[in-house]
Amino acid sequence: MLFILFIFGIVLVVWGIYRMRTDDGLFGKNRKNKNIFNLLLMGEASGLGQFLSGILCIIIGIVVFIVN
C-alpha cells in the first residue's frame with residue numbers, strides 16, 4: 001500500500017510539471033507570468049495542484065514509512 005502512495009505521488013509530480021510547461025494562459029508574456037495571472041484571476045494555475053499534491057503524497061508516504 002505504501003508503494004502505491006509513492007508511485008501515485010511521483011505520477012502527480014510528473015503530471016504537474018508537464019502541465020506547467022505545456023499549458024497556455026490568458027495574459028502574460030512568458031509562461032511564469034501566465035501561470036501567475038491564471039492563479040490570481042481564475043484561482044487555478046496549470047499543474048500547480050497536481051505538483052503540490054504529488055509532493056504531499058510523497059511526504060505522507062515517508063512519514064508513514066518512518067512511523068511503521
Side-chain angles (χ1 to χ4, degrees):
M1 188 71 177
L2 185 62
F3 183 70
I4 293 172
L5 191 63
F6 279 116
I7 296 298
F8 188 64
I10 291 171
V11 168
L12 282 175
V13 167
V14 171
W15 183 25
I17 290 172
Y18 173 75
R19 294 263 331 254
M20 283 191 276
R21 289 180 182 238
T22 58
D23 285 356
D24 284 334
L26 294 175
F27 303 106
K29 292 181 180 176
N30 57 18
R31 196 156 312 214
K32 181 180 176 184
N33 288 339
K34 289 178 181 180
N35 280 336
I36 290 172
F37 277 115
N38 280 347
L39 180 63
L40 294 176
L41 294 176
M42 296 186 289
E44 63 182 18
S46 61
L48 189 61
Q50 291 92 354
F51 182 73
L52 294 177
S53 297
I55 290 175
L56 186 64
C57 280
I58 293 171
I59 290 172
I60 290 172
I62 291 170
V63 168
V64 169
F65 181 74
I66 291 172
V67 168
N68 286 334

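For this chain, numbers begin at 1 and follow the sequence in order. The figures here come from the full heavy-atom set of this structure, side chains too, leaving out hydrogens, waters and symmetry mates. Every value quoted in this text rests on a predicted model; they were computed, and no experiment measured them.
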Could you list the donor-acceptor pairs under 3.5 angstrom formed by side chains in residues 53-68, with sequence neighbours left out?
from	atom 1	to	atom 2	distance (Å)
Ser53	OG	Gly49	O	2.7
Asn68	ND2	Val64	O	3.4

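Under a 4.5 Å side-chain heavy-atom cut-off, the cluster of Ile, Leu, Val, Met, Phe, Trp and Tyr residues that includes Tyr18 has no other member. Trp15 belongs to a hydrophobic cluster whose remaining members, ordered by chain and number, are Phe8, Leu12; membership requires side-chain heavy atoms of ILVMFWY residues under 4.5 Å apart, directly or through intermediates.
Residues Ile10 and Leu52 share a hydrophobic cluster, clusters being chains of Ile/Leu/Val/Met/Phe/Trp/Tyr side chains in contact below 4.5 Å.
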